[in-house]
Amino acid sequence: MRFVLAIVSFVIGLLLVGLAVGQRTVFAPPSSLVAQSSSTASAPVTVIPGTTLNANPGYQRIDVSGSGEVFAAYGRTGDVEAWIGEAKHTTLRFDAEQDRLVGRTTGTEDSVPDPSGSDLWYQEWDGAGQFTVRLPADVSVVVVGDGGSAAPSDVSVTWPRDTATPSVGPLLVAGGVFLAGGVALLVWAFLHQRRGRGPRRRSGGSRPPRVRASRRAAAAGAQVPVRGRRGRRSLVAVPVVLVGVLGLAGCSSDYWPQGGGSATTPTPTATATAAAPAQTAATKQQIRRIVERVAAVASKADADRDTSLLESRFTGAALELRKANYAIRAEDPDAGAPPAISAEQVCVALPQQTDTWPRTVFTVVAEDCTAKTAPQALTLVQDSARDDYKVAYDVSLEAAAEIPSLAPTSLGAARLPGDTKLLRIAPDDIAAAYGDVLSKDSESSSASLFASEGDGLRSTIGKAYKDKKAESLPDTAEIEYSSEVPDDSAIAIATDGGGALVSADLDEIEKVTPTAAGAEVNTKGAVKALSGVDSSTKGISATYSVQLLFSVPPVGSDEKVVLLGFTQGLTAASEVQ
């Protein structure tokens with residue numbers, strides 16, 4: 001009976017262990033879920049929303065392929081939708097019943113521009129391939145072919161599946177216990193059988209017991225087997241088997257049930273819902289990439305004097321100054337090129353806090369932020385989702401300039417309207433007021449608004465410079481100064497203290513005319529190169545564009561407006577008509 005019980009215990013133990021092993025091999029669940037697109041739409045764009053990517057937990061492995069061109073990128077869902085606009089696009093949704101991606105096509109336009117290199121993307125890929133990401137719900141993937149034909153239709157998303165088998169551990173332990181019990185029963189059965197066959201006293205003889213003979217033999221040096229050794233070997237096997245099974249069962253937390261009751265589940269409370277973080281125009285990584293692209297375009301355009309290339313990344317005053325420089329250098333090879341834009345380090349990155357367009361980004365770049373070597377302040381604008389960011393202002397900062405405290409890049413700052421009443425002087429009025437100071441210095445009605453200490457522009461083109469230049473002219477000529485402010489050119493972005501950084505544009509115009517009959521005005525240098533006139537009896541007009549960056553205090557403050565930096569250069573020259 002003991003042998004039968006041992007065999008039954010062995011069989012049960014083996015079955016339990018086999019069942020546990022089978023759950024990790026033959027009956028193991030698949031390690032991933034693959035959802036293939038079933039869409040055959042002809043739209044030029046395919047979108048995988050963040051909600052679809054997060055339909056299942058874990059990372060997302062996206063596979064995109066097609067017979068033609070293949071491009072994929074991801075960015076904020078709102079930015080992706082804005083870039084698509086009214087174009088036809090297929091939006092993929094996850095069908096949990098079929099484990100497939102099901103598409104729905106909307107939109108009216110049949111094509112989209114080249115998406116490669118857009119400033120909206122966080123990351124992009126050219127060509128078919130597979131990439132693994134873990135995107136939040138507010139980030140979407142866009143897939144495009146050549147922009148005119150249908151987007152690649154071979155799209156799949158793979159998610160990892162939970163391969164935990166919590167019953168394996170208990171089954172292995174139970175199987176180990178039954179196996180150990182079978183061994184114990186087997187040993188017990190052998191011991192019991194051996195006792196039943198042990199030495200018995202004979203009834204008529206005087207032969208000494210076998211045990212005494214054994215003792216005499218042992219005393220004489222003979223090898224005498226020790227009783228019970230086989231039983232002890234069997235007993236040693238019991239803990240070895242049990243330890244092996246328990247070690248296998250405890251090697252992974254996936255083999256055991258995990259606690260997850262109501263004790264660990266947060267209980268909903270009546271607390272107020274936290275406000276969602278404000279969306280910014282760009283992330284720090286995007287701003288760094290934008291600066292690198294701008295610097296590359298500026299370097300190539302400056303070297304080749306390529307205005308078409310320049311227009312892809314420059315606008316407004318920054319564009320006009322460089323275009324004029326190209327025209328001057330075309331006539332005068334000795335003229336210097338504009339200062340290069342450094343992309344080595346982004347010292348300050350302040351995006352506008354917005355989810356619409358146009359968008360603004362303020363940044364300070366330098367070769368070394370700690371050494372403050374020739375830092376430049378760039379004010380960039382993006383007119384629409386399909387446009388690149390362009391430099392509207394490129395200002396060289398003063399040596400002692402101190403940028404006021406700014407919001408972190410992740411939070412961004414508001415762009416203030418040009419006529420705001422929240423500042424000591426409205427952004428739209430600041431260039432004209434400062435131009436009056438350059439013309440009249442302390443006699444200007446606006447002189448008290450601006451700090452004079454550290455203002456390098458006053459000594460460069462201020463009243464003292466203007467007076468000295470007028471005195472240097474011969475009696476047969478006179479000079480007239482004036483200034484103009486382009487409409488709606490100021491850009492103001494808020495600082496932490498309630499003030500603002502204001503970028504503005506001012507045109508300083510010098511008109512030299514003869515005062516005597518037969519007198520002529522001669523030109524030289526950049527004015528001669530840009531005007532194409534050697535001398536004129538009518539006079540010469542030259543326009544110098546000045547890009548300005550101010551730190552403006554809030555309304556009611558006793559602090560003065562501080563000029564943080566400037567860039568100025570000749571942008572136009574012609575004969576007086």
Side-chain angles (χ1 to χ4, degrees), residues 45-55 58-64 69-85 87 89 91-92 112-145 147 151-152 155-159 276-297 313 343 345-346 349-363 365 378 380-390 408-412:
V45 181
T46 296
V47 180
I48 311 176
T51 52
T52 299
L53 295 172
N54 287 272
Y59 62 83
Q60 306 109 15
R61 188 168 67 245
I62 303 171
D63 197 313
V64 181
E69 296 182 20
V70 177
F71 173 88
Y74 65 84
R76 276 187 300 223
T77 298
D79 292 352
V80 170
E81 293 174 348
W83 183 87
I84 294 172
H89 58 282
T91 304
L92 299 181
V112 292
D114 182 8
S116 179
S118 171
D119 292 336
L120 295 181
W121 313 139
Y122 290 158
Q123 186 70 36
E124 63 181 59
W125 294 268
D126 279 316
Q130 185 181 94
F131 53 95
T132 301
V133 293
R134 190 159 192 166
L135 303 180
D138 61 347
V139 174
S140 298
V141 173
V142 59
V143 180
V144 185
V155 179
S156 67
V157 180
T158 302
W159 296 273
Q279 181 171 312
T280 60
T283 64
K284 190 168 186 177
Q285 181 181 1
Q286 285 178 301
I287 294 173
R288 182 178 299 277
R289 187 168 59 244
I290 291 167
V291 169
E292 291 174 351
R293 292 171 175 173
V294 166
V297 167
R313 284 293 181 176
Q345 293 187 14
V346 176
L350 183 63
Q352 181 185 355
Q353 192 181 90
T354 184
D355 57 358
T356 60
W357 280 268
R359 294 180 173 182
T360 304
V361 167
F362 174 83
T363 181
V365 298
L378 305 179
L380 305 107
V381 295
Q382 185 185 37
D383 291 331
S384 71
R386 292 183 178 180
D387 288 317
D388 290 329
Y389 275 93
K390 297 181 180 181
T409 305
S410 58
L411 183 61

Can you tell me how far the [atom1] atom of [X] sits from the [atom2] atom of [Y], to the nearest 0.5 Å?
{"X": "Arg76", "Y": "Leu135", "atom1": "CZ", "atom2": "CG", "value": "13.5 Å"}
{"X": "Glu69", "Y": "Asp114", "atom1": "CD", "atom2": "CG", "value": "8.0 Å"}
{"X": "Thr280", "Y": "Ile287", "atom1": "OG1", "atom2": "CD1", "value": "7.0 Å"}
{"X": "Asp79", "Y": "Gln286", "atom1": "CG", "atom2": "CD", "value": "7.0 Å"}

Using side-chain heavy atoms (C-beta onward) and a distance below 4.5 Å, is [X] in contact with [Y]?
{"X": "Gln352", "Y": "Phe362", "value": "no"}
{"X": "Pro358", "Y": "Val381", "value": "no"}
{"X": "Val133", "Y": "Tyr74", "value": "yes"}
{"X": "Val141", "Y": "Val155", "value": "no"}
{"X": "Thr283", "Y": "Tyr122", "value": "yes"}

- Task: Take Trp125 and Phe131 through the ring pair (Phe, Tyr, Trp, His ring centres under 6.0 Å) test and state the conclusion after the steps.
- Result: CA-CA 9 Å; Trp125 294 268; Phe131 53 95; 3.9 Å; yes
- Any chance the side chains of Trp357 and Gln382 put a donor and an acceptor closer than 3.5 Å?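 There is such a pair between these side chains.
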- Show your reasoning for whether salt bridge (Lys or Arg N to Asp or Glu O under 4.0 Å) applies to Asp387 and Arg359. CA-CA 11 Å; Asp387 288 317; Arg359 294 180 173 182; over 6 Å; no
Would a distance-only check, ignoring hydrogens and angles, find a side-chain to backbone donor-acceptor pair under 3.5 Å from [X] to [Y]?
{"X": "Thr409", "Y": "Ala349", "answer": "yes"}
{"X": "Gln60", "Y": "Thr158", "answer": "no"}
{"X": "Arg386", "Y": "Ile84", "answer": "yes"}
{"X": "Glu124", "Y": "Ala73", "answer": "no"}
{"X": "Thr363", "Y": "Leu378", "answer": "no"}

- Listed by chain and number, what are the side chain to side chain donor-acceptor pair (under 3.5 Å) partners of Ser140, not counting sequence neighbours?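 If we apply the side chain to side chain donor-acceptor pair (under 3.5 Å) test to Ser140, skipping adjacent residues, the hits are Thr77.
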- Task: Would you check, one step at a time, whether the test side chain to side chain contact (heavy atoms under 4.5 Å, CB included) holds for Leu380 with Ile290?
- Result: CA-CA 9 Å; Leu380 305 107; Ile290 291 167; 4.0 Å; yes
Which heavy atom of [X] sits nearest to which heavy atom of [Y], and what is that distance?
{"X": "Pro152", "Y": "Gly145", "answer": "CD-N, 3.7 Å"}
{"X": "Leu411", "Y": "Gln353", "answer": "O-NE2, 3.0 Å"}
{"X": "Val80", "Y": "Trp121", "answer": "CG2-CZ3, 3.9 Å"}
{"X": "Ala281", "Y": "Pro351", "answer": "N-CB, 4.0 Å"}

- Task: For the pair Val361 and Tyr389, evaluate side chain to side chain contact (heavy atoms under 4.5 Å, CB included) and give the outcome as yes or no after the intermediate values.
- Result: CA-CA 9 Å; Val361 167; Tyr389 275 93; 3.8 Å; yes
- Task: Identify which one of Val45, Leu120, Thr46, Ile48 satisfies the side-chain contact (heavy atoms from CB on, under 4.5 Å) criterion when paired with Val142.
- Result: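 Testing Val142 for a side-chain contact (heavy atoms from CB on, under 4.5 Å) against Val45, Leu120, Thr46, Ile48 leaves exactly one candidate, Val45.
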- Task: Verify side chain to side chain contact (heavy atoms under 4.5 Å, CB included) between Val112 and Trp83, making sure each step is shown before the conclusion.
- Result: CA-CA 9 Å; Val112 292; Trp83 183 87; 3.8 Å; yes
- Taking salt bridge (charged side-chain N to carboxylate O under 4.0 Å, His left out) as the test, write out the residues that go with Asp119, two or more places apart.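 Salt bridge (charged side-chain N to carboxylate O under 4.0 Å, His left out) check on Asp119 returns Arg293, Arg313.
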- Item | Summary of salt bridge (Lys or Arg N to Asp or Glu O under 4.0 Å) pairs that have at least one residue in residues 279-289, sequence neighbours excluded |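 Output for this query is empty, none listed.
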- Item | Derivation of the side chain to side chain contact (heavy atoms under 4.5 Å, CB included) call for Asp126 and Val70 | CA-CA 6 Å; Asp126 279 316; Val70 177; over 6 Å; no
